[in-house]
Amino acid sequence: MDWKIPLFKIYWDEEDIRMSNEAIRRGMFWAIGPNVEKFEDMLSRYIGTNYALVFNSGTSALHATLLAYGIGKGDEVIVPSFTFIATANAPLFVGAKPVFADIEEKTYGLDPQAVEKKITPKTKAILPIHYGGCPGLIKELAQVAQKHNLLLIEDAAESLGAAVNGKKVGTFGDCAILSFCSNKVITTGEGGAVITNSTELYEKLKLIRSHGRAETSNYFSTNEYMDYITLGYNFRMSDITAALGIAQLKKVDKIIKMRRENAAKLSKKLRKIAGVDVPNPPDGFQHVYQLYTIRLKEGLGKRDALQTHLAKKGIMAKIYFPPVHFTHFYRKRLGHSLKLPVTEKLSEEVLSLPMYPSLTEKEIDYIADAIADLFSVNEG
Ligand SMILES: Cc1ncc(COP(=O)(O)O)c(C=O)c1O
């Protein structure tokens with residue numbers, strides 16, 4: 001559908017084109033190349049971790065991470081259901097069981113108390129997300145992980161640059177994954193990364209990412225023999241993609257600033273509408289607004305009516321997320337008994353509105369006015 005205002009627009013400039021063109025014009029190193037290492041170096045500096053490894057998607061980054069930790073059959077990983085399905089699928093990729101825990105209503109992330117109740121002797125890791133760019137209660141989740149000697153793997157796919165009191169998400173756990181898919185804070189079309197301080201994890205991930213091959217130099221430009229020492233995949237990011245990643249990462253602070261300014265403008269207008277709750281991160285939680293999600297406490301009927309009403313006006317609004325445990329695949333696998341009251345309630349009340357750096361004042365007014373049409377407006 002051709003939306004008047006889509007949910008997101010990619011923020012790109014001439015440098016994205018220049019960097020990608022340069023990588024192409026070299027006529028060499030389109031797979032493994034210098035941009036990959038440079039992008040990784042820039043990423044680890046930006047986040048503040050010892051290592052970053054880029055992947056061809058956030059999903060392969062998750063898969064590789066669980067493999068690297070040796071998580072597998074008989075193990076359990078605690079995940080939210082209020083997430084993109086890849087978070088929950090990751091344990092299944094390696095033969096482990098995703099165990100859903102409920103979320104809390106401050107950040108829409110995993111509820112540390114609910115998580116603690118789901119821990120069993122089989123639990124190996126907690127895999128929380130930072131919903132839509134808002135940090136979750138990650139310090140509390142880190143305490144739970146520490147207390148029970150569990151891995152904490154942050155799914156920071158949606159939250160590059162988000163922070164709690166200046167400490168970036170992705171640095172609270174043992175490692176974190178990022179996504180550079182089209183709708184993320186910065187994008188390479190498709191792409192992902194793992195960030196970590198662990199040398200051991202980094203070395204294992206390098207092998208898993210590239211066929212289990214002990215690479216001492218660029219495989220494609222050397223005739224030296226390289227041994228294959230473990231089972232591996234091709235989860236590599238291409239050098240052309242990494243060139244785009246470098247150009248995007250150079251703009252990340254500007255992109256986040258523009259997102260925050262637009263979110264503040266939209267919130268100022270929507271706050272006047274009784275019945276609409278705007279994003280409200282806790283004090284010290286630095287949101288990056290990968291999603292701008294409102295909550296309609298009147299519930300499902302009103303939320304769905306608003307989505308339809310906005311669509312008629314050419315405004316794309318989407319539900320992030322319908323619970324993963326309600327999908328056909330998980331219902332069939334898990335049966336119908338699982339109850340996650342907060343997840344289920346929130347998924348009936350949330351609606352994500354268009355949010356991107358180049359959103360104009362006129363577009364913000366158009367969105368706010370369209371929403372106001374459907375609600376009684378309280379002046380002031
Ligand atoms: C929370 C979360 N985890 C994982 C992923 C998967 O990332 P990718 O689309 O890059 O595979 C996404 C992306 O949509 C996501 O939002």
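Counting convention: from 1, in listed order, for ligands and their atoms alike. A quick note: this is a predicted structure, and the numbers were derived from the prediction, not measured. Throughout, numbering of the chain's residues begins at 1 and tracks the sequence.
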Test of proximity, [X] against ligand 1: N or O pairs below 3.5 Å:
X: Ser179; value: yes
X: Ile177; value: no
X: Lys184; value: yes

Could you list which atoms of ligand 1 come closer than 4.0 Å to a heavy atom of [X]?
X: Thr83; result: 1 (C)
X: Ala157; result: 2 (C), 3 (N), 4 (C), 5 (C), 12 (C), 15 (C)
X: Gly191; result: 10 (O)
X: Asp155; result: 1 (C), 2 (C), 3 (N), 4 (C)

Strictly by side-chain hydrogen bond (donor to acceptor under 3.5 Å, both in side chains), give each pair with a member in residues 239-260 just once, sequence neighbours left out.
Tyr11-Lys254, Asp13-Lys251, Glu15-Lys250, Asp16-Gln248, Asp16-Lys251, Arg26-Asp239, Asn35-Asp239, Ser238-Thr241, Lys257-Glu261
Linking I/L/V/M/F/W/Y whenever their side-chain heavy atoms sit closer than 4.5 Å, directly or via other members, would Ile129 and Val79 fall into one cluster?
yes
Against the six-membered ring of Tyr46, is Lys168 placed for a cation-pi contact (under 6.0 Å from the centre, within 45° of the normal)?
yes
Tell me which protein heavy atom sits closest to atom 16 (O) of ligand 1, plus the residue, atom name and distance to 0.1 Å.
Glu158 OE2, 2.6 Å
Could a heavy atom of Ser60 be found less than 4.0 Å from some atom of ligand 1?
no
Any side-chain donor paired with an acceptor under 3.5 Å for Tyr330 and Asn89?
yes
Contact partition for Thr59 relative to ligand 1, non-hydrogen atoms under 4.0 Å:
both
By side-chain hydrogen bond (donor to acceptor under 3.5 Å, both in side chains), Ser20 pairs with (sequence neighbours left out) none
Between Leu310 and Ala317, what is the shortest heavy-atom contact and its length?
CD1-CB, 3.9 Å
Is the number of heavy atoms from other residues, nucleotides or ligands under 6.0 Å of Lys302 NZ greater than 12?
yes
